[in-house]
There are 2 protein chains.
Amino acid sequence: MAEPRYQRRKQDRPKEITEAAFDVFAEHGYASARVEEVAKRAGVSKGLLYLYFKTKEELFKAVIRSVVIRRLDALLVTIETTELSSEAFIRGPLLEFMKRVPGSPVAVVIRLLIAEGQRHPDLVDYYWENVVSKGLGAIARCVERGVERGEFRDTAVTQLPQLLVAPMMVSMIWKILFAKRTLDTDKLMETHIEMVLAYIKL
Amino acid sequence: MAEPRYQRRKQDRPKEITEAAFDVFAEHGYASARVEEVAKRAGVSKGLLYLYFKTKEELFKAVIRSVVIRRLDALLVTIETTELSSEAFIRGPLLEFMKRVPGSPVAVVIRLLIAEGQRHPDLVDYYWENVVSKGLGAIARCVERGVERGEFRDTAVTQLPQLLVAPMMVSMIWKILFAKRTLDTDKLMETHIEMVLAYIKL
DNA sequence: CCCATTACTGACTCACTGGTCAGTTATTAT
DNA sequence: ATAATAACTGACCAGTGAGTCAGTAATGGG
């Protein structure tokens, strides 16, 4: 009785393939990633992969989307439903969230987008609508609420979300490029938030 | 009298080739860039290109180096020799410099490094030593001088350089990815510097 | 048990590109 | 002028990898 050469597992394949693809793209970038290697790591033949994804590019897009999906949601919900003051929220959940990003799959996605974005505009649009715009919007609302409640000065600038997020971006890039040079990225973000709050508090 | 098919211009070739290569790498990234196209844009045959650069990778490194070389120097000299107070220096020349970066070739280089850095560690080291380390060091010295002179609090954090530079990084990435969504990057940096100064001034 | 269905395989094709090299032409020295 | 030199060309090669497809085998229904 020989073992069956394979099992048919239509339901699981897409996820298995995109997960393998994520690793391969993360290691090699888009252009240098080999579809054959993705197939191998997913434990699947190249032919089958092409049954689920029409082209390499479509696979790439699926990978990006799969990482993005619902990763922000927890934070967004918390922002909308929290009982905390805006200051406490920024100091607490928001800071915690930002600390986690540079070491998460999101960092890989952002790296891939920076590298390949120009040739995949629809992917950038997708990322914009589902991550950047939502995220910045939520932070903006949090700040506005702070102004309404009299926590913050109403001069609080419109670009505050981008400002708040800036050291997170630096931390991400630092980790990607200069992993071997130490930098206390958590402290960086803490200090920065301290500064911003001092600046906008009444 | 036919025109000569070509001129021998040994002196100029490397520069012509690296400039063409910069454009091509900027458009396509490393892996998707075609050496043939670089040659064509430089007005040169592929064979000649390979006389000046042994491999595509060496060409890439030459491009990165050619952009980096001496681009910081003007700023560094100014930092060391300026008569300005630290605050005035940060508000003036440093801010001006940072405003220019996101639209300059340096932004392209950083994009390429983020994309390809992992596979070219020596290039990252080179960039670290010649740009990042020097730049952050100079800013650090400027801040220290401010502390010595009694302009700034001496709690002025060690990560201040990275903090100062953060909105410049955000502006860069924004321009690369979201060119069509407007963002007043100059204002972003101005506000940020305002905040930082308010935080560290005595 | 047998047949229909379809998930799955992997050998193959073909376009493409990094890199080479034999030969050509501009330039310089004599 | 002529020969020697070296800058330069472009056709070519060999390796590679995206995408295909004819065939195989697992599964499920009758």
Side-chain angles (χ1 to χ4, degrees), chain A residues 1-64 112 115-116 119-120 123, chain B residues 1-64 112 115-116 119-120 123:
Chain A
M1 287 287 103
E3 293 282 292
R5 302 227 334 257
Y6 57 80
Q7 289 175 6
R8 306 161 121 205
R9 303 214 318 282
K10 197 181 181 184
Q11 301 308 319
D12 307 331
R13 295 306 190 196
K15 201 182 168 212
E16 289 170 3
I17 293 170
T18 48
E19 275 169 11
F22 174 84
D23 293 342
V24 176
F25 285 134
E27 271 175 43
H28 298 97
Y30 177 73
S32 305
R34 307 289 146 222
V35 174
E36 182 87 53
E37 198 188 340
V38 174
K40 191 191 273 181
R41 289 207 207 176
V44 142
S45 72
K46 195 159 66 153
L48 185 63
L49 189 156
Y50 273 96
L51 225 67
Y52 288 100
F53 302 94
K54 273 219 238 321
T55 62
K56 186 185 181 182
E57 185 180 346
E58 199 179 275
L59 173 62
F60 183 62
K61 293 181 178 175
V63 169
I64 301 289
L112 288 170
E116 301 291 332
R119 255 153 305 138
H120 305 275
L123 207 50
Chain B
M1 289 286 104
E3 293 285 294
R5 303 226 333 256
Y6 57 83
Q7 289 176 3
R8 306 161 120 206
R9 302 213 320 281
K10 197 183 179 182
Q11 301 307 319
D12 307 331
R13 294 305 190 199
K15 202 182 167 211
E16 291 170 2
I17 293 170
T18 48
E19 275 169 11
F22 174 86
D23 293 343
V24 176
F25 284 134
E27 272 175 43
H28 301 279
Y30 177 73
S32 305
R34 308 289 146 221
V35 174
E36 183 86 53
E37 198 188 340
V38 174
K40 192 191 269 179
R41 289 206 207 176
V44 142
S45 71
K46 193 160 66 155
L48 186 63
L49 188 154
Y50 273 97
L51 225 68
Y52 289 100
F53 302 94
K54 273 218 237 322
T55 63
K56 185 185 182 184
E57 185 180 349
E58 199 179 274
L59 172 62
F60 182 62
K61 293 180 178 176
V63 169
I64 301 289
L112 288 170
E116 301 290 331
R119 255 153 305 139
H120 305 275
L123 209 50

Report yes if a side-chain nitrogen or oxygen of [X] is closer than 4.0 Å to either non-bridging phosphate oxygen (OP1 or OP2) of [N]; otherwise report no.
X	N	answer
B/Arg9	C/dT27	no
B/Tyr6	C/dA26	no
B/Tyr52	D/dC8	yes
A/Lys46	C/dG10	no

**OP:** Might you confirm whether atom NZ of B/Lys40 has over 12 heavy atoms from other residues, nucleotides or ligands at distances under 6.0 Å?
**Re:** no
**OP:** Name the orientation class of the two ring planes belonging to B/Phe60 and B/Phe25 (parallel below 30°, tilted from 30 to 60°, perpendicular beyond 60°).
**Re:** perpendicular
Measure the distance from [atom1] on [X] to [atom2] on [N] and round it to the nearest whole Å.
X	N	atom1	atom2	answer
A/Phe25	D/dG17	CZ	C1'	13 Å
B/Glu36	D/dT9	CD	P	12 Å
A/Lys56	D/dT16	NZ	P	15 Å
A/Gln7	C/dT6	CD	P	20 Å
B/Leu49	C/dT20	CG	C1'	13 Å
B/Tyr50	D/dG10	OH	P	17 Å
B/Lys10	D/dT5	NZ	C1'	12 Å
A/Lys54	D/dT20	NZ	P	10 Å

Are the side chains of [Y] and [X] in contact, using a 4.5 Å heavy-atom criterion?
X	Y	value
A/Lys15	A/Glu19	yes
A/Tyr50	A/Glu58	no
B/Leu48	B/Tyr52	yes

**OP:** Map B/Ala31 and A/Gly43 onto DNA chain C by nearest heavy atom, then report which one ends up closer to the 5' terminus.
**Re:** A/Gly43
Original post:
So does A/Arg8 reach the base of C/dT6 with its side chain, donor to acceptor, closer than 3.5 Å?
Top reply: yes
Original post:
Is there a donor N/O on one and an acceptor N/O on the other, under 3.5 Å, for the side chain of A/Arg5 and the base of D/dA26?
Top reply: no
Just compare [options] and give me whichever is closest to any side-chain atom of [X].
X	options	result
B/Leu51	C/dA7, D/dT9, D/dC8	D/dC8
A/Ser45	D/dC8, C/dG10, C/dT6	C/dG10
B/Val44	D/dT9, C/dT17, C/dC8	D/dT9

Original post:
If you look at every strand shown and take non-hydrogen atoms under 4.0 Å, does A/Ala33 touch a base, only sugar-phosphate, or nothing?
Top reply: sugar-phosphate
Subject >> Toward the 5' end of DNA chain D, by each residue's nearest nucleotide, A/Tyr30 or A/Leu48 >> reply: A/Tyr30
